[in-house]
Colleague: 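Next up is a structure, given as structure tokens.
We number each residue from 1, following the sequence as shown. Side-chain atoms are counted along with the backbone in the values below, which use heavy atoms only and exclude waters and symmetry mates.
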Amino acid sequence: MIPVEFLDKSERTFVDLGDTVQVRTNSYSRFYNTNGKLIKKSDIVKIQKAGCLTLFTHSDNAIDIMVHPSNKDTIFETTKRIFSEAQVVEIDMES
């Protein structure tokens, strides 16, 4: 068995390439080290943490990043650091 922490590592989810970021949005793409999606940092205007992590672009497109709930906070902190200009929204799913 592969531990959940391995698949949800920030290094496997995001590859910072300067002005762009390679994002692997699910455990399958992180496990097999696929290319993921290339996103310009400047295109992301909002980061949301709710049931999953979501990146929103200028044109209101959404990119969902699925991670295990126990790793969501760690990945969210990395997301905020990488997309530092984006608005941050946290929705409490516990209530």
Colleague: Who are the salt bridge (Lys or Arg N to Asp or Glu O under 4.0 Å) partners of K37, not counting sequence neighbours?
Modeller: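 If we apply the salt bridge (Lys or Arg N to Asp or Glu O under 4.0 Å) test to K37, skipping adjacent residues, there are no hits.
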Colleague: Taking atom CE of M66 and atom NZ of K72, what is their separation to the nearest 0.5 Å?
Modeller: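 These two atoms lie 8.0 Å from each other.
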Colleague: With distance as the sole test, does R30 use its side chain to make a donor-acceptor pair with the main-chain N or O of T13 at under 3.5 Å?
Modeller: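 It does not hold such a pair.
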Colleague: Ignoring hydrogens and angles, state whether a donor on the side chain of N26 or S29 is under 3.5 Å from an acceptor on the partner side chain.
Modeller: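 Yes, side-chain donor-acceptor contact under 3.5 Å.
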Colleague: Within a strict 4.5 Å, meaning less than it, do heavy atoms of the V88 and F76 side chains meet?
Modeller: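 Sidechains of F76 and V88: in contact.
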Colleague: Not counting sequence neighbours, which residues clear side-chain contact (heavy atoms from CB on, under 4.5 Å) with Q87? List them please.
Modeller: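 Partners of Q87 under the side-chain contact (heavy atoms from CB on, under 4.5 Å) test: K46, V89.
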Colleague: Side chain of T78, backbone of T74: donor and acceptor closer than 3.5 Å?
Modeller: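 Yes: the side chain of T78 pairs with the backbone of T74.
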Colleague: Restricting to side-chain contact (heavy atoms from CB on, under 4.5 Å), what partner residues turn up for T57, sequence neighbours left out?
Modeller: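 side-chain contact (heavy atoms from CB on, under 4.5 Å) list for T57, sorted by chain: I44, S59, N61.
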Colleague: Should I75 and I63 be counted in the same cluster of Ile, Leu, Val, Met, Phe, Trp and Tyr side chains packed under 4.5 Å apart?
Modeller: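 Yes, same cluster.
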Colleague: By side-chain contact (heavy atoms from CB on, under 4.5 Å), which residues pair with V21, not counting sequence neighbours?
Modeller: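 Partners of V21 by the side-chain contact (heavy atoms from CB on, under 4.5 Å) criterion, ordered by chain and then number, come out as F14, D16, V23, K41, I82, F83.
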Colleague: Using the side-chain contact (heavy atoms from CB on, under 4.5 Å) criterion, which residues pair with K40? Sequence neighbours excluded.
Modeller: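 With neighbours one apart ignored, the set is T20, S42, D43.
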Colleague: Can you give me every donor-acceptor pair (side chain of residues 48-55, partner residue at least two apart or in another chain, under 3.5 Å) with its distance?
Modeller:
unit_1, atom_1, unit_2, atom_2, d
K49, NZ, D73, OD1, 2.5
T54, OG1, D64, OD1, 2.8

Colleague: Do the side chains of I65 and R24 get nearer than 4.5 Å, heavy atoms only?
Modeller: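 Side chain of R24 against side chain of I65, heavy atoms only: no contact under 4.5 Å found.
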